[in-house]
Structures are given as C-alpha cells and as structure tokens.
Undergrad: 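Can you read through this structure? Questions will come right after.
In what follows, chains carry the letters A, B, and so on, assigned in the order in which the sequence lines appear, proteins first and then strands, with residues in each chain numbered from 1.
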Protein chains: 2
Amino acid sequence: MTPALDNVFAALADPTRRAILAMLLEDDMAVTDVAAPFDMSLAAISKHLVVLSNAGLISQEKRGRVKWCKLEPDAMREASVWMQGFGQFEAVNLDAFERFLEAEIQIGVDIPSGNEQDM
Amino acid sequence: MTPALDNVFAALADPTRRAILAMLLEDDMAVTDVAAPFDMSLAAISKHLVVLSNAGLISQEKRGRVKWCKLEPDAMREASVWMQGFGQFEAVNLDAFERFLEAEIQIGVDIPSGNEQDM
DNA sequence: GGAAACGTCAACCAAATGGTTGAATATCAG
DNA sequence: CTGATATTCAACCATTTGGTTGACGTTTCC
C-alpha cells in the first residue's frame, strides 16, 4: 500500500523537504550531499529524509557507506490525483489534456471537435 | 499573494480537513453543517476551517449569524502546479487524460493500453 | 590497525498541532 | 426582553514536529 495522503502532504508541507525533492529531481544524491546546501545539521536532514521516505516520496539505498536518495514519483502522483479528482479542475483537466496531446502526439487519436466545451 | 505552499500542504495533510474540502465541493456550507458528520466538537471544526482559510483553500463569509464556507480552488491549483512543475508527470497527464475522457465520454477515442500503470 | 568519512541514534528542547471544555458574542425568532 | 442558534474565544492538555548535540556503528583508505 502506498503511504497515506496524510504522510505525503505532511511531508510536502516543509520547505526544506520540498527543496530536497527539487534537488533529487536533478539526480540521485548521497545524504551528505543533500545536506550540504542547508544551514542545518546532518542529523536534521537525515530526519527529513526519513519523513520523505515514509511518505514514499523518495527511496534510499545504501551502497557501501553511502546512502543514495532517489525520487519516487508515485506518491506525489497519488496526491496529485487526489487533487485532480477534486473538482476545480476543469481548467487543469483541459490543460492536462493539452499536455497529453503534446506529449503523446503520435497516438494519432482524432478528437471530434464538435464535443468541445468552451474554454 | 496567495498563501505559501507550506500552508496549503499542511492544511491538506489532515484527513478531517480533506473531508471538509470534499464536502464543500458539493456546495457551500455553514460551519455547523460542516461539523455535523464529524465526531468532534464544533470548536475543533471551527479551528480546522481557520486552517483551511489561512491556506486559502476556502473562504468564509458571514451572513447574519451564519458563516458560509466556500471552496477556493486557486490555492490548491497552485499546489498542483508546483507538483506539475516537478517532472514526473507523464503519468499524471495520462491520468488526467483518462479523467477527461470519463468526463467527456462521448468523444469516444481509443486509448492504447500499453501506457497504463498499475495502482 | 587506526583514522577519516558517512550516516543514524538517543536524549533533549521549544514550538506547533489537534483536540477538549466552558464561557462569551452575535444574531434571529417570538 | 427572552431564549435559542451559530460561532468563536480562552485556557488547558497530550502529542508531534523540527531542531540541537554528542555518542555510536560501518565502511573505506592508507
């Protein structure tokens, strides 16, 4: 079971943790390197990483003495889906639809234009 | 300025508050009516509503002795945008696309099944 | 083997969170 | 005016959170 939305949102509520996620977006990182830019003890960062890990937002794998941190998109996607299911999202759905078309253009589906709602 | 992501995500981290948002999705509600389904004091719900309000997720307008609570999509959309900007989102686009199809079912396109992820 | 690097653990602390109860404040209805 | 309804306020409490420091266990390197 993926971790509860509680954990995901709680993990995302901290700016340090969001910054860490943004860093991991670029590449996997060792704990020490994650901690480097922050004005905070290594132990504190280690705790933040535990929180992110419990939320399923990252995974950690130890190789030798180095523990590598890796972004795990699924948890955040689940949170995003909860939001999507939320209603205000005509705009976002439309937007997602457009992104979908751009990203997957080669699928070649043809959307009959008569059914479109106004935008 | 819209409230910080900190506040939005923190507000979303509580299941009671998420349930309240889901209720407000259906319709605007008075505080007392929001509180009704919960096994919790009215004061507690009132506090939750303050949290949601500070996060910008709802607005409250007092008319007479009744304070009406209304969903405010912007804050959540901003959080969603933060997530979207995050990178992992081919998957979410797909999901949004499927939702789009469900909502607009009469389009009748055929989704290639190779892209599905298990949940 | 011994020292340095990597990371966590344990104890501690201050502040925030989520709940309670009871009193207080408005507003409406008769 | 009186009483009921709607909501918040204030004080309190237990738990969680986000940080610190110092000791500890591993792994690597010479």
Side-chain angles (χ1 to χ4, degrees), chain A residues 3-24 27-72 75 79, chain B residues 3-24 27-72 75 79:
Chain A
L5 284 181
D6 289 37
N7 297 325
V8 177
F9 284 128
L12 293 177
D14 184 276
T16 300
R17 287 192 292 261
R18 287 198 305 278
I20 290 174
L21 291 175
M23 291 166 60
L24 291 178
D27 208 351
D28 298 358
M29 295 180 78
V31 172
T32 304
D33 296 330
V34 169
F38 297 99
D39 188 19
M40 184 182 309
S41 71
L42 181 62
I45 296 294
S46 179
K47 285 191 191 177
H48 280 303
L49 290 171
V50 169
V51 173
L52 289 170
S53 194
N54 288 339
L57 287 161
I58 67 168
S59 60
Q60 294 183 282
E61 184 199 356
K62 196 167 174 183
R63 284 205 297 273
R65 61 180 166 181
V66 175
K67 200 167 185 180
W68 292 92
C69 305
K70 179 175 181 299
L71 203 60
E72 290 292 340
Chain B
L5 284 181
D6 289 37
N7 297 325
V8 178
F9 283 128
L12 293 177
D14 184 277
T16 300
R17 287 192 292 261
R18 287 198 306 277
I20 291 174
L21 291 175
M23 293 166 60
L24 292 177
D27 208 351
D28 298 359
M29 295 179 79
V31 173
T32 305
D33 296 329
V34 169
F38 296 99
D39 188 23
M40 184 183 306
S41 72
L42 183 61
I45 296 294
S46 180
K47 284 191 193 178
H48 279 304
L49 290 171
V50 169
V51 173
L52 289 170
S53 194
N54 288 339
L57 288 161
I58 68 168
S59 59
Q60 295 183 282
E61 183 199 356
K62 194 169 175 183
R63 283 204 298 273
R65 60 182 164 179
V66 174
K67 201 167 184 180
W68 293 92
C69 305
K70 181 176 181 299
L71 202 59
E72 290 293 341

Undergrad: To the nearest Å, give me how far apart CZ (A:Arg17) and C1' (D:dG19) are.
TA: 12 Å

Undergrad: Could you work out, with side-chain contact (heavy atoms from CB on, under 4.5 Å) as the rule, every residue matching B:Ala13, not counting sequence neighbours?
TA: A:Phe9, A:Ala10

Undergrad: A:Ile20 has an atom CD1; how far is it from atom C1' of D:dG19, in whole Å?
TA: 14 Å

Undergrad: In whole angstroms, how far is the C1' atom of D:dT17 from the CG atom of B:Asp14?
TA: 15 Å

Undergrad: Identify the heavy atoms of A:Ala55 and A:Ala75 that sit nearest to each other, and give their distance.
TA: O-CB, 3.3 Å

Undergrad: Scan nucleotides 4-6 of chain D against the protein and return all N/O pairs shorter than 3.5 Å with their distances rounded to 0.1 Å.
TA:
unit_1 : atom_1 : unit_2  : atom_2 : d
D:dT5  : O4'    : B:Arg65 : NH1    : 3.3
D:dT5  : O2     : B:Arg65 : NH1    : 3.0
D:dA6  : O3'    : B:Arg65 : O      : 3.1

Undergrad: Specify the separation, in whole Å, of atom CD1 of A:Ile45 and atom C1' of C:dC6.
TA: 15 Å

Undergrad: Give the rounded distance in Å between these two atoms: CD of B:Glu61 and P of C:dA26.
TA: 19 Å

Undergrad: Take A:Asp6 and B:Arg18 through the side chain to side chain contact (heavy atoms under 4.5 Å, CB included) test and state the conclusion after the steps.
TA: CA-CA 9 Å; A:Asp6 289 37; B:Arg18 287 198 306 277; 2.6 Å; yes

Undergrad: What is the distance from CE of A:Met40 to C1' of D:dT17, rounded to the nearest Å?
TA: 13 Å

Undergrad: What does the list of N/O pairs under 3.5 Å between the protein and nucleotides 11-16 of chain D look like, with a distance for each?
TA:
none

Undergrad: Which value, rounded to the nearest 0.5 Å, describes the distance between A:Leu24 atom CG and A:Asp33 atom CG?
TA: 10.5 Å

Undergrad: Expressed as a whole number of angstroms, how long is the span from A:Met29:CE to C:dG7:P?
TA: 11 Å

Undergrad: According to a strict under-4.0 Å criterion, is A:Ser46 in side-chain N/O contact with OP1 or OP2 of C:dT8?
TA: yes

Undergrad: Nearest nucleotide by nearest heavy atom, which residue falls closer to the 5' end of DNA chain D, A:Ala43 or A:Gly64?
TA: A:Ala43

Undergrad: Let me check something: any side-chain donor-acceptor pairs from residues 56-72 of chain A under 3.5 Å, sequence neighbours excluded? List them with distances.
TA:
unit_1  : atom_1 : unit_2  : atom_2 : d
A:Ser59 : OG     : A:Glu72 : OE2    : 2.9
A:Glu61 : OE1    : A:Arg63 : NH1    : 3.1

Undergrad: Under 3.5 Å, which donor-acceptor pairs do the side chains of residues 35-51 of chain A form with other protein atoms, sequence neighbours left out?
TA:
unit_1  : atom_1 : unit_2  : atom_2 : d
A:Ser41 : OG     : A:Ala44 : N      : 3.1
A:His48 : ND1    : A:Arg17 : NH1    : 3.1

Undergrad: Distance check: side-chain N/O of A:Ser41 vs OP1/OP2 of D:dG19, anything under 4.0 Å?
TA: no

Undergrad: Determine the contact category for A:Arg63: base if any of its heavy atoms lies under 4.0 Å from a base atom, sugar-phosphate if only primed atoms, P, OP1 or OP2 are that close, otherwise nothing.
TA: nothing

Undergrad: So, taking the atom named CG in B:Leu12 and the one named CG in B:Leu21, what distance separates them when rounded to the nearest 0.5 Å?
TA: 6.5 Å

Undergrad: Let me know, please, whether A:Thr16 or B:Lys62 comes out on the 5' side of the other along DNA chain D by nearest nucleotide.
TA: B:Lys62

Undergrad: Which whole-number value in Å describes the distance from B:His48 NE2 to C:dT20 C1'?
TA: 12 Å

